[in-house]
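Structure, as structure tokens:
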Amino acid sequence: MRDILDAVAAGNLSPETAEAKLSGYATSEAGRYDAARETRSGVPEAVLADGKTLDEVATLVATSLETTGRAIATRLTDEQVLATRRRLDDEFPAASIRLYDRAGVLVAHGPDFEQPDLDASVCIVTAGTSDAVPAGEAAAVAREMGATVERISDVGVAALTRLTDRLDELRAHDVLVVAAGREGALPTVTAGLVDVPIIGLPVSTGYGHAGEGEAALSGMLQSCTALSVVNVDAGFTAGAQAGLIARRVDAARTE
């Protein structure tokens with residue numbers, strides 16, 4: 001503790017970073033940032049932009065980058081992206097920024113951040129182009145946890161040969177995140193054809209009866225094949241679960 005206090009007194013450590021080291025979180029006007037989440041649970045903390053002002057998102061992202069060397073923000077609007085990038089360009093000009101436009105995810109790394117690198121692969125599978133938003137969120141999170149991430153798109157059950165043509169590729173991965181809207185059939189069908197853990201990601205695409213993802217969620221929960229299911233549009237959770245499986249696979253391979 002004395003070393004941390006001495007570093008703050010010398011100007012070598014910010015009060016926010018010192019607080020994060022001592023208590024596990026950092027306090028700002030926008031709220032408290034959980035800087036110890038990845039150490040505690042293996043899943044990196046992220047800033048959910050929904051419901052937050054431009055300044056609140058930018059402040060929390062800056063706090064994340066300062067205290068952990070990395071920032072992940074999800075569900076950003078174009079205005080929130082611009083405000084956050086301006087803040088980072090001003091305060092952290094050496095940071096690298098990656099934007100997953102379609103998914104609304106922003107990832108920033110400080111110059112000294114060491115990206116995890118796992119000997120494990122995650123494949124993000126989508127039934128159609130409309131499923132790309134939460135699928136992109138899942139891909140970003142799994143990648144930030146160190147997994148090798150690949151994408152297979154447009155293999156929905158409306159034309160089953162699109163899926164069967166890719167089965168060898170699917171079987172080569174350690175875990176699959178399979179996203180689908182409508183009736184949510186793709187994860188069920190895929191799970192009956194491959195011996196790979198599958199995380200079903202129901203998506204709020206479709207229309208008519210239960211067309212906001214409820215039918216997809218119900219269909220996956222009622223699947224007669226073995227798969228796990230997250231909530232509607234819960235791309236972050238699906239990516240985090242896939243990343244945790246990838247960590248276990250990596251650990252087994254490196255023993």
Side-chain angles (χ1 to χ4, degrees), residues 34-35 37-49 57 60-61 64-65 67-76 80-81 84-85 88 92 95-126 129 131-155 166 169-179 187 190 196-201 203 228 230-231 233-254:
D34 185 0
R37 181 180 184 183
E38 186 166 20
T39 301
R40 187 178 66 249
S41 70
V43 178
E45 178 67 305
V47 177
L48 175 64
V57 173
L60 288 168
V61 168
S64 174
L65 192 57
T67 56
T68 68
R70 172 175 61 188
I72 304 172
T74 65
R75 311 292 176 95
L76 290 101
Q80 288 170 328
V81 169
T84 301
R85 295 198 71 149
L88 296 184
F92 304 94
S96 62
I97 299 173
R98 179 172 182 174
L99 182 65
Y100 296 78
D101 280 318
R102 190 177 188 119
V105 175
L106 181 146
V107 175
H109 291 169
D112 298 324
F113 179 75
E114 295 184 9
Q115 172 72 26
D117 185 16
L118 303 177
D119 182 12
S121 64
V122 174
C123 187
I124 311 295
V125 185
T126 57
T129 306
D131 307 316
V133 174
E137 191 172 284
V141 174
R143 185 174 288 114
E144 284 305 303
M145 292 178 69
T148 298
V149 176
E150 295 187 17
R151 304 280 294 268
I152 293 180
S153 303
D154 254 354
V155 291
R166 312 294 294 273
E169 295 174 64
L170 294 172
R171 292 175 179 134
H173 294 283
D174 298 304
V175 56
L176 307 178
V177 174
V178 184
T190 306
V196 181
I198 289 180
I199 300 167
L201 173 55
V203 180
S228 302
V230 299
N231 209 343
D233 290 338
F236 182 92
T237 304
Q241 285 291 85
L244 289 172
I245 294 172
R247 287 185 64 184
R248 292 294 182 173
V249 171
D250 172 78
R253 285 176 175 156
T254 54

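In this chain, residues are counted from 1 in sequence order.
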Working to the nearest 0.5 angstrom, can you tell me the gap between [X] [atom1] and [Y] [atom2]?
| X | Y | atom1 | atom2 | answer |
| --- | --- | --- | --- | --- |
| Leu106 | Arg85 | CG | CZ | 6.5 Å |
| Ile124 | Arg143 | CD1 | CZ | 8.5 Å |
| Cys123 | Arg171 | SG | CZ | 13.5 Å |
| Phe113 | Leu65 | CZ | CG | 10.0 Å |
| Leu176 | Glu169 | CG | CD | 11.5 Å |
| Leu48 | Phe236 | CG | CZ | 9.5 Å |

[X] and [Y]: which non-hydrogen atoms are nearest, and at how many Å?
| X | Y | result |
| --- | --- | --- |
| Leu76 | Gln80 | CA-OE1, 3.3 Å |
| Thr126 | Ala135 | CG2-CB, 3.4 Å |
| Leu99 | Val105 | CD1-O, 3.3 Å |
| Ala238 | Ala138 | CB-CB, 4.4 Å |
| Pro187 | Val178 | CG-O, 3.5 Å |
| Ala108 | Leu88 | CB-CD1, 3.9 Å |

Exercise. Go through the steps to decide whether Val203 and Asp233 satisfy the test side chain to side chain contact (heavy atoms under 4.5 Å, CB included), and finish with yes or no.
Key: CA-CA 5 Å; Val203 180; Asp233 290 338; 3.6 Å; yes
For a side chain to side chain contact (heavy atoms under 4.5 Å, CB included) with [X], tell me which candidate from [options] qualifies.
| X | options | answer |
| --- | --- | --- |
| Gln241 | Val122, Leu201, Ile199 | Ile199 |
| Leu170 | Val125, Val196, Ile198 | Val125 |
| Asp119 | Asp174, Thr148, Asp250, Val249 | Asp250 |

If you count every heavy atom of other residues, nucleotides or ligands that lies below 6.0 Å from [X] atom [atom1], does the total exceed 12?
| X | atom1 | value |
| --- | --- | --- |
| Glu114 | CD | no |
| Arg247 | CZ | no |
| Arg151 | CZ | yes |

Self-check item: Test item: Glu38 and Thr68 side chains (from C-beta on) under 4.5 Å apart, heavy atoms
Solution: no
Self-check item: Pairwise side-chain contact, Pro44 with Arg70, heavy-atom cut-off 4.5 Å (strictly under)
Solution: yes
Quiz item: Does the side chain to side chain contact (heavy atoms under 4.5 Å, CB included) test come out yes or no for Val133 and Arg102, once each step is laid out?
Solution: CA-CA 6 Å; Val133 174; Arg102 190 177 188 119; 4.1 Å; yes
